[in-house]
Amino acid sequence: MSIRNWLSIGALVAIAAIPAPAEAAVEAVATTTDVAWVVQQVGGANVRVTSLAPGDRDPHRIEARPSQVTRIARADLFARIGLELDSWADALLRAANNRKVSPGGPGYCDCSAGVRALEVPQGRVDASMGEVHLRGNPHYWLDPANVANAARNVAEALGRVDPANRDLYQRNYQALRRRLDEALRRWQEALAPFRGRRIVTYHKTFPYFFQRFGLVEFANVEPKPGIEPSAGHIADVSRRMRAEGVRVILAETYRNRRYAELLARQGGGVVVYVPVSVGGERGVDDYFRLMDTIVERLVAALR
Amino acid sequence: MKPIILCSLVGAILFAGSGAARAQVEAAHSSQTGPAPTEDARDAIIRELRARIEQLERRVAELEGRAAPPPAPPAPPPTPTATRQPLISGVADVLLRGGDSEGTPRRGRFSLRELELAIQDAVAPGMTVEAFLAAEQEEDWDLVLEEGVLNLERFLLRRVSARLGRLRTPFGRQNVLHPHALPTVDYPAVIRAMLGDHGLFSDGGFVTYRIPVRVGTFASATLGFADTASEAEEGAGFAATGQALAGRLFASRDLGRERELEVGLSHYRGRGTAFGVPGRRRLAVSGLDVTFRSYPGPGQRWFVQSEVLRHSTDGPGGGDRWGYYLLGERRWSPYWAAGVRWDDTRFPWPSDERERAINLWITRFVNEQTAIRLQLRHGRRPGDSGFNEILLQFLAGFGPHVHALQQ
């Protein structure tokens, strides 16, 4: 390759190197939209946050993209959902090589810290059990109490990277917590008549939600976490649904509808599709709207 | 539920609760010398009342024909989450080859093409070690060190990282992938012809500088000096040997929501040998790679990739040889993908023959590490004017397996 070609490439890279102007005091990167929402609520106008994963995708199956590295390399705060749900972000963290937001750094925030994880596997774990998370079920944000816990973690991390505004972040956290508590009472009242009702879910996404609102997971469309349903499994679950009078199948909006619909037809049930993250569908642009949507659709189906 | 039953139950709860409370308060009083129960006694009463209320609530739920909510799961015993173990993983790659060409190795036989064992661990802050051992079946079984690398995430400067040891030479996109991580059963013909049957390996060190660029863009430059020992395709190719210099420029750009364009330039300069030709000649391989990725929906991906390589050798019989592949793959669910790849390459010095082939494949992903792939190939290659091949691959992975971000 000639020197001229190398110079051309160098010029292209130099053009791309023009830095973008900074707008907020704290630049934050979150792995999911739910974490990004928490960071924005706690950080307010002081923080500009970007989510690596869109809200309408399965957070287990995100492909890390090189263009995301630069964002992390410049970030003051890296907030993640944790519990191995966003392990795909580790390659980005390593490539970004930003000590401030690497594990152990002041701007590293694992929002799962302090969460009482459910379904923590005991003993030996292998792939025959499906895609099991060693540290427990990672879908903890569907319990509002755990979102308050995440907000506390974020407030502490923001206080570390921007100590001048530590009090502001704590106040924002307390305000968010109060709003979550109020909303939680509303959601609990709405679902109270259905305590104990059994529901089929596509994936093990709802244990925290069910525990909070007194619902019971009856079965899963997936035979094992992350494993594609087979005809035999669908037939088995549908027989059990009919025998035990279970009607409602709860599925995330990003799931393949074929299997849930097939199960509903065979089992005499109805599928309720819900977003499970902020941005999971149009109009669901904050956590309150997300939970409102889930609760409203579930109440309508269970009634 | 009948209102009368409900009223009776509520009355029973109140009566039983107040009765129990009264009894326990009295009991507590009788066991105390003071006029009021102790805090412990009050707590005991409250605990018992709560237990009774929960018991009666479950009874109500049963009478309503519903299953009672299960009691809250007991707190899991504290598990030792802190361990000091390296990541150990493995991948078995089993292949069945068929077709109408005698040039197809191991035709009609199932064979364990490769068994890879990976051990990865951090050895210090910012330093990791990776060892990839591969048992490969050629004539006999060989155990080779596919990669053994010390990664320095920070090397002298903040934006600089380094990889030292035996590693797949950072040249292009597919050469750096282990066979099990390819989107197809095997490397494109141009990689096999110009970089060696198993790709290009180096013993040495490579330093990568992450170029400061605007958000939404990524760029890096890699330069390394290494000993090379690649393997040539028998009878047709060359083998790079000895000390060599290799470099790569890579840039990636976010093209809006869930789309990415990646461009790379690679250059390798060293010496090589060829079958039947004495001595070693100076050679250079240059490559341009372009990759486009798009994620149109949940679990879906469009993947388009091409690499163009030019192989140049000095001396009699030398010259420039060109080759490329063009690959497109559609993943329409987390479990299924299908694609097509067009191969067109000349063989490097001294042979000036050519291979062209069209490849079609479909992959069924059982999970992230386990898959079944069927690949069909039709083409022309030296000594095979119109061959057809069928390749059936079983990939089975276990354990936590980590790969660095491709760049």
Side-chain angles (χ1 to χ4, degrees), chain A residues 1 5-6 9-10 12-13 16-20 50 54 56-58 61 63-71 73-74 90-92 94-99 102 104 116-118 120 122 126-127 130-131 134-136 195-198 211 214-216 226-228 244-245 252-256, chain B residues 61 64 66-70 72-73 75-77 79 81 125-126 153-154 158-159 161 210-221 249-254 257-258 260 262 265 267 284 286 293 295 297-299 301 310 333-335 366-370 397-398 402-407:
Chain A
M1 179 174 291
N5 288 347
W6 284 100
I9 297 301
L12 281 174
V13 170
I18 299 166
T50 308
D56 59 352
R57 303 295 159 89
D58 182 351
R61 299 177 187 275
E63 269 190 36
R65 293 184 287 143
S67 66
Q68 296 170 324
V69 170
T70 312
R71 214 174 276 285
R74 293 180 175 199
D90 290 337
L92 295 170
R94 279 196 300 275
N97 197 9
N98 179 350
R99 271 189 195 169
S102 296
R116 184 166 171 265
L118 301 178
V120 180
Q122 302 294 316
D126 61 36
E131 293 173 2
L134 292 176
R135 294 179 56 207
R195 277 182 71 85
R197 288 287 288 271
R198 292 174 295 174
Q211 188 190 51
L215 301 166
V216 179
I227 303 298
E228 187 176 27
E244 308 224 13
E252 305 90 327
T253 46
Y254 54 71
R255 294 289 175 198
N256 185 330
Chain B
E64 286 177 340
R66 302 168 185 165
T79 50
T81 53
E153 289 171 7
R154 187 175 303 228
R158 189 167 74 89
R159 295 179 179 278
S161 58
R210 185 169 49 76
I211 300 166
V213 291
R214 66 170 68 184
V215 168
T217 309
F218 175 82
S220 65
L249 272 175
F250 174 76
S252 177
R253 176 78 187 153
D254 182 0
R257 195 172 185 272
E258 298 298 291
E260 185 112 343
E262 301 160 23
L265 282 170
H267 187 71
S286 302
R293 291 191 276 167
Y295 305 89
R301 186 183 78 163
R310 185 185 69 174
S333 87
Y335 311 111
V366 179
N367 58 38
E368 285 182 11
Q369 292 174 297
T370 300
F398 57 91
V402 180
H403 285 294
L405 188 74
Q406 267 200 66
Q407 51 184 285

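If you're wondering where the values come from, they're calculated on a predicted model, not measured in any experiment. A, B, ... follow the sequence lines: proteins, then strands. Residue 1 opens every chain.
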So does A:R65 pair up with B:E258, basic N to acidic O under 4.0 Å? yes
Residue among B:R158, B:R253, B:Q369 with most heavy-atom pairs under 4.5 Å to chain A: B:R158
Pairing donors with acceptors under 3.5 angstrom, does anything connect the side chains of B:S220 and B:R210? no
State whether the side chain of B:N367 and the backbone N or O of A:G130 hold a donor-acceptor pair below 3.5 Å, judged by distance alone. no
Other residues, nucleotides, ligands: >12 heavy atoms within 6.0 Å of B:R159 CZ: yes
Residue selection (most heavy-atom pairs with chain B, distance under 4.5 Å) from A:I227, A:D90, A:D58: A:I227
Is a donor on one side and an acceptor on the other found under 3.5 Å between the side chain of A:S67 and the backbone of B:S252? no
Which bit of B:E368 is near chain A, if near means a heavy-atom gap under 4.5 Å: side chain, backbone, both or neither? both
So, the part of A:R99 with a heavy atom under 4.5 Å from chain B: the answer is both
If you count heavy-atom pairs within less than 4.5 Å of chain A, which of B:G216, B:A284, B:S161 leads? B:G216
Which one wins on heavy-atom pair count under 4.5 Å against chain B: A:R61, A:E244, A:E63? A:E63
What distance do B:H267 atom NE2 and B:S286 atom OG have between them, rounded to the nearest 0.5 Å? 4.5 Å
So what's closer than 4.5 Å to chain B heavy atoms on A:A73: side chain, backbone, both or neither? both
Which region of A:E228, side chain (C-beta onward) or backbone (N, CA, C, O), has a non-hydrogen atom less than 4.5 Å from a non-hydrogen atom of chain B, or is it both or neither? both
Please state whether the side chain, the backbone, both or neither of B:Y335 comes within less than 4.5 Å of a heavy atom of chain A. side chain
When rounded to the nearest 0.5 angstrom, what distance separates CD in A:Q68 from CG in B:L405? 9.0 Å
